[in-house]
Amino acid sequence: MEVRVRFAPSPTGYLHVGGLRTALYNYLFARHNNGKMILRIEDTDRTRFVEGATENLIKYLEWSGISFDEGPHIGGNYGPYIQSERFDLYKKYGMQLIEKGQAYYAFDTSEELDLMRERQQKAGVAPKYDRTSMKNQFTLGEDKTKDLLSQNVPFVVRLKVPFEGEIKFKDMIRGEVTVRSRDVDDQILLKSDGFPTYHLANVVDDHLMGISHVIRGEEWLPSTPKHILLYQSFGWEAPDFAHLPLLLNKDKSKLSKRQGDVAVEDYVGKGYFKEAFVNFIALLGWNPTSDREIFSMQELIETFSLEKVNKSGAIFDITKLNWMNSQYLRTKSLNELADFIIPFLQNINFNFISKDYLMKVIDLIKERIDNLIELPEFAPYMFAKPKEYDQDFIKKHWKENTQNTIEKYFVELKNITNWDYQTLHDFTQKYCEENNLKLREIVHPLRIMITGKSVGAGLFETMSLLQQNDVLDRIFYFLENIALKLR
RNA sequence: GAUCCUAUCGACUAAUGGUUAGGUCACCAGCCUUUCACGCUGGCAAUAGGGGUUCGAAUCCCCUUAGGAUCACCA
């Protein structure tokens, strides 16, 4: 049987990192098994509709490198792929269940339902629709029901869950799960506005779209018995289920907005590479061997299996993501890196001089940062004269005789004709030897004068990238304006 | 409260009845050195607790504890 899986988000605004991982696992499973990956938009709740959310979802799914074979943006033989466009279908199937006696009409108002739950709460029993005492097809009788229907009184359709027996299903990650039927609620299938609930829509669509495996978050585990019951009621074969462990906050609760960024776009904005982000997300809850950490999308596809997905939730801690990002930073080409960072720089009006020059700077600092977005802060001196100087570093390295030493060295530096790394390095080393100086007695003061900072790439590499007159200006300026005040 | 799920270093995880319980990130130390990094070497650090089953249990079973998810005319 062909593997067909789907990612079925609801368009409520943005792509959640947990959603991205669910989509990724679906994608990896599909590609690993030469199956089909389907995108379906679950927008049956009109009150939560957000303009542009679907486009946004697709944008970041595409950013991550997850591709689809069918979906609202590309079509397919099982469309439409947006549930609101399948409106009539659900009604038809809902009615079919009523005819089969597997579902029924109910006319309770939300106030009446609230009261019911209140009563149950007080009595200490689990809140659950009581079809023996509420206002529905059974308590009202056939005639009264028809009456209300013909008067267009608002109604919902509920699933008729048997009072006896148990519901069993096999989860590919958790094994067999058993729930007593009497613990399952008479779920609303069709709302009074005629739209289906998630439960009806997802079962109908998964069946009609030929979905072979439902891979979704663990939050759906408790409602899976309802879905199993629905498949049985329709007389359809249920797909295989795999419920993924949740992504967690630091305090182990379900990953939420309140405790940090949860939108994929936030991490895009923070300068993470998609390769690093996908790699990181993939390893949160799944691991092929644990003897390696870096996987390309292709390698993820080759090694992925649902059997190796963990049962327990994983804390979304970006410490390791930062390291992964640094790994990708070191392997990408300078051209690629420049193209990546230029839009970020333009966005903050940072003058990077030229792409060619930018590439040289990146080459110098890429092993010293985890994320390219740190570049303007890490090495502003490569693009403009320093505006401030690290005082601690000055205190530490600007000694009694430093002024004297540097002034003499400065004179010689002016005479250098080949302004390149090798010349600068050899010259300085020789100068130190001849004057009985340690290299650091020159290098450290020079660094602070030229960069203003205590940290950075090799000093001679840094100097050679800058223009000779620029470097001389910086030293002169420091000697004249800053060093004097140190006395 | 009810139902369901889960439980290995601080974090991500490996070990599917036999290992000194392994790796990666983070952290700490040393080496390298031109600062900071990188790199290299080493270190810290875990089977929630209690019962079984077994020659042997992180692994299988039960109980306890803890955490989480869910209990909507939301998905």
Side-chain angles (χ1 to χ4, degrees), chain A residues 8-12 42-45 47-48 83 106 108-110 113-114 117 120-121 124-128 154-158 171 173-174 177-180 182-185 187-199 201-202 217-225 243 245-246 248 250-254 280 283-294 307-308 310-324 326 330 365-370 378 390 393 396-397 425 428-429 438-440 442-444 446-448 451 453-461:
Chain A
S10 65
T12 52
E42 310 223 325
D43 60 345
T44 53
D45 183 2
T47 61
R48 293 218 299 179
Q83 288 187 330
D108 317 273
T109 62
S110 25
L113 291 169
D114 287 344
R117 284 185 203 106
Q120 291 167 330
Q121 206 106 67
V125 294
K128 180 172 175 281
F155 67 90
V156 299
V157 172
R158 283 182 182 269
D171 185 275
I173 293 166
R174 282 149 223 286
V177 178
T178 308
V179 178
R180 283 188 303 270
R182 64 176 145 98
D183 290 326
V184 178
D185 202 0
Q187 186 63 49
I188 288 180
L189 267 18
L190 288 170
K191 301 181 249 182
S192 55
D193 64 2
F195 269 77
T197 56
Y198 168 84
H199 307 283
N202 110 80
E218 191 189 339
E219 68 266 30
W220 294 111
L221 199 52
S223 54
T224 304
H243 287 93
L246 261 20
L248 274 23
K250 278 228 163 42
D251 68 358
K252 291 187 188 276
S253 58
K254 187 172 157 185
F280 173 67
L283 263 31
L284 243 34
W286 168 78
N287 203 300
T289 51
S290 103
D291 60 356
R292 57 183 285 209
E293 304 289 329
I294 304 298
E307 288 69 35
K308 288 231 161 205
N310 281 307
K311 291 185 181 75
S312 54
I315 295 175
F316 184 74
D317 179 352
I318 61 169
T319 309
K320 201 166 187 173
L321 168 62
N322 289 328
W323 170 78
M324 268 188 186
S326 76
R330 290 164 54 192
I365 67 162
K366 66 176 186 173
E367 294 210 345
R368 280 158 236 269
I369 54 179
D370 289 339
F378 186 84
D390 186 314
F393 201 68
K396 198 170 169 192
H397 294 290
H425 176 267
T428 308
Q429 198 147 55
K438 298 265 198 251
L439 191 61
R440 59 173 172 271
I442 295 278
V443 167
H444 294 340
L446 220 47
R447 174 180 297 284
I448 195 75
T451 73
K453 286 174 164 280
S454 63
V455 302
L459 183 67
F460 303 119
E461 285 93 336

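In what follows, chains are A, B, ... by sequence order, proteins preceding strands, each numbered from 1. Excluded from the calculations below are hydrogen atoms, water molecules and symmetry mates; all remaining heavy atoms, backbone and side chain alike, are included.
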Engineer: Base, sugar-phosphate or nothing for Phe280(A)? Non-hydrogen atoms, less than 4.0 Å.
Structural biologist: nothing
Engineer: Can you tell me if Lys191(A) touches the phosphate of A75(B), counting only side-chain N or O atoms and a distance under 4.0 Å to OP1 or OP2?
Structural biologist: yes
Engineer: What contact category does Thr289(A) fall into here, base, sugar-phosphate, or nothing, at under 4.0 angstrom with non-hydrogen atoms?
Structural biologist: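 Since only primed, P, OP1 and OP2 atoms lie under 4.0 Å of Thr289(A), the category is sugar-phosphate.
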Engineer: Nearest-Å distance, NZ (Lys438(A)) to P (U34(B))?
Structural biologist: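 The answer, rounded to whole Å, is 11 Å.
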Engineer: With rounding to the closest Å, how many angstrom separate the C1' atoms on C28(B) and C9(B)?
Structural biologist: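 Comparing C1' positions in C28(B) and C9(B) gives a spacing of 15 Å.
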Engineer: Using the C1' atom in both, what is the distance from C60(B) to U16(B), to the nearest Å?
Structural biologist: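 Those two atoms are separated by 11 Å.
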Engineer: Counting only Watson-Crick pairs (N1-N3 plus N6-O4 or O6-N4) and G-U wobbles (N1-O2, O6-N3), all under 3.5 Å, who is the partner of C55(B)?
Structural biologist: G18(B)
Engineer: Which heavy atom in Ala314(A) sits nearest to a heavy atom in Gly285(A), and how many Å separate them?
Structural biologist: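 Residues Ala314(A) and Gly285(A), closest heavy atoms: CB-N, 4.3 Å.
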Engineer: Which nucleotide in the set C71(B), C25(B), G68(B) lies at the smallest distance from any side-chain heavy atom of Pro127(A)?
Structural biologist: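 Among C71(B), C25(B), G68(B), the one nearest the side chain of Pro127(A) is C71(B).
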Engineer: Grab the NZ-C1' distance between Lys366(A) and G39(B) for me, whole Å please.
Structural biologist: 15 Å
Engineer: With respect to the side chain of Arg48(A), which nucleotide from A75(B), U34(B), A69(B) is positioned closest?
Structural biologist: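 From the listed options, A75(B) comes nearest.
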Engineer: When we call it a touch if two heavy atoms are under 4.0 Å apart, what does Gly285(A) touch: a base, just sugar-phosphate, or nothing?
Structural biologist: sugar-phosphate
Engineer: Quick one: the side chain of Arg174(A) and the base of C5(B), do they pair up donor-acceptor inside 3.5 Å?
Structural biologist: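 No pair found.
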Engineer: For Glu293(A) and U13(B), give me the distance from atom CD to atom C1', rounded to whole Å.
Structural biologist: 8 Å
Engineer: If you assign Val125(A) and Pro288(A) each to the RNA chain B nucleotide with the nearest heavy atom, which residue ends up on the more 5' nucleotide?
Structural biologist: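 Mapping each residue to its closest nucleotide by heavy atoms, the 5'-most match is Val125(A).
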Engineer: From C-beta outward on Ala126(A), which listed nucleotide comes closest to its side chain: A2(B), A11(B), U34(B)?
Structural biologist: A2(B)
Engineer: Does Arg330(A) use its side chain to pair, donor to acceptor, with the backbone of Glu367(A) at less than 3.5 Å?
Structural biologist: no
Engineer: Measure the distance from CD1 on Ile315(A) to P on C12(B) and round it to the nearest whole Å.
Structural biologist: 5 Å
Engineer: Under 4.0 Å, counting only non-hydrogen atoms across every strand here, what does Ser454(A) touch: a base, just sugar-phosphate, or nothing?
Structural biologist: base
Engineer: Can you tell me how far P of A72(B) sits from CD of Gln121(A), to the nearest Å?
Structural biologist: 10 Å
Engineer: How long is the line joining CZ of Phe316(A) and P of A11(B), in whole Å?
Structural biologist: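 So the two atoms are 16 Å apart, to the nearest Å.
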Engineer: For G67(B) and Ser312(A) - does any side-chain N or O of the residue sit under 4.0 Å from the phosphate oxygens OP1/OP2?
Structural biologist: no
Engineer: From C-beta outward on Leu459(A), which listed nucleotide comes closest to its side chain: C25(B), A75(B), U34(B)?
Structural biologist: U34(B)
Engineer: Taking only the side-chain heavy atoms of Val177(A) (C-beta and beyond), determine which of C4(B), A69(B), U35(B) contains the nearest atom.
Structural biologist: C4(B)
Engineer: Within less than 4.0 Å of OP1 or OP2 of G39(B), is there a side-chain N or O belonging to Arg330(A)?
Structural biologist: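 Answer yes for this pair, as a side-chain N or O of Arg330(A) is under 4.0 Å from OP1 or OP2.
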Engineer: Which heavy atom of Thr44(A) sits nearest a heavy atom of Gln83(A), and at what distance?
Structural biologist: CG2-OE1, 3.4 Å
Engineer: When you get a sec, tell me which of A75(B), C38(B), G23(B) is the closest nucleotide to the side chain of Lys320(A)?
Structural biologist: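 The listed nucleotide nearest to Lys320(A)'s side chain is G23(B).
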Engineer: At 4.0 Å (heavy atoms only), tell me whether Arg447(A) reaches a base, stays on the sugar-phosphate, or touches nothing.
Structural biologist: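 Arg447(A): base contact, heavy atoms under 4.0 Å.
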Engineer: Counting only Watson-Crick or G-U wobble pairs whose two distances fall under 3.5 Å, which nucleotide matches G42(B)?
Structural biologist: C28(B)
Engineer: Looking at Lys308(A), does any N or O in its side chain come under 4.0 Å of the phosphate oxygens OP1/OP2 on A15(B)?
Structural biologist: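 Answer yes for this pair, as a side-chain N or O of Lys308(A) is under 4.0 Å from OP1 or OP2.
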Engineer: For the side chain of Lys252(A), counting heavy atoms from C-beta on, which of C12(B), C36(B), G67(B) is nearest?
Structural biologist: G67(B)
Engineer: From C4(B), A75(B), U34(B), pick the nucleotide closest to the side chain of Val179(A)?
Structural biologist: C4(B)
Engineer: Who is the Watson-Crick or G-U wobble partner of A69(B), with both distances under 3.5 Å?
Structural biologist: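 With both distances under 3.5 Å, A69(B) matches U3(B).
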Engineer: C1' atom, G22(B) versus A15(B): distance in rounded Å?
Structural biologist: 7 Å
Engineer: Please measure how far the C1' atom in U53(B) lies from the corresponding atom in U59(B), and state the result in whole Å.
Structural biologist: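 Here U53(B) and U59(B) have their C1' atoms 13 Å from each other.
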Engineer: Think Lys254(A) has a side-chain N or O under 4.0 angstrom from the OP1 or OP2 of G67(B)?
Structural biologist: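 Checking G67(B) against Lys254(A), no side-chain N or O comes under 4.0 Å of OP1 or OP2.
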Engineer: Check every strand shown and say whether Ala8(A) touches a base, only sugar-phosphate, or nothing at a heavy-atom separation below 4.0 Å.
Structural biologist: nothing
Engineer: Report the distance from atom CD1 of Ile318(A) to atom P of A26(B), rounded to the nearest whole Å.
Structural biologist: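 Rounding to the nearest Å, CD1 of Ile318(A) and P of A26(B) are 13 Å apart.
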Engineer: With the side chain of Asn287(A) defined as its heavy atoms from C-beta on, choose the nearest nucleotide among C74(B), U70(B), U13(B).
Structural biologist: U13(B)
Engineer: With nearest nucleotides of RNA chain B determined for Asp317(A) and Thr197(A) from heavy-atom distances, which residue corresponds to the more 5′ nucleotide?
Structural biologist: Asp317(A)
Engineer: What is the nucleic acid contact for Thr12(A), judged by heavy atoms within less than 4.0 Å: base, sugar-phosphate only, or nothing?
Structural biologist: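 Touches nothing.
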Engineer: Indicate the atoms forming the closest heavy-atom contact of Gln120(A) with Lys128(A), along with that distance.
Structural biologist: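 Where Gln120(A) meets Lys128(A) most closely, the heavy atoms are NE2-O, 2.7 Å.
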Engineer: Counting only side-chain nitrogens and oxygens, does Arg368(A) get under 4.0 Å of the OP1 or OP2 atom of G39(B)?
Structural biologist: no
Engineer: Ignoring the backbone of Asn310(A), work out which of U6(B), U13(B), C73(B) is nearest its side chain.
Structural biologist: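 Looking only at heavy atoms from C-beta outward on Asn310(A), the closest nucleotide is U13(B).
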Engineer: Applying a 4.0 Å non-hydrogen cut-off, can you work out what Thr178(A) is touching in the nucleic acid: base, sugar-phosphate, or nothing?
Structural biologist: sugar-phosphate
Engineer: In terms of relative ring orientation, are Phe460(A) and His425(A) parallel, tilted or perpendicular, with 30° and 60° separating the classes?
Structural biologist: perpendicular
Engineer: Counting only side-chain nitrogens and oxygens, does Arg158(A) get under 4.0 Å of the OP1 or OP2 atom of C73(B)?
Structural biologist: yes
Engineer: Calculate the interatomic distance between Phe393(A) atom CZ and U34(B) atom P; express it in whole Å.
Structural biologist: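 Taking atom P of U34(B) as the reference, CZ of Phe393(A) is at 13 Å.
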Engineer: Any N/O pairs under 3.5 Å between the protein and nucleotides 59-65 of chain B? List them or say none.
Structural biologist:
none

Engineer: Say we look at C27(B) and U34(B): how far apart would their C1' atoms be, to the nearest angstrom?
Structural biologist: 26 Å
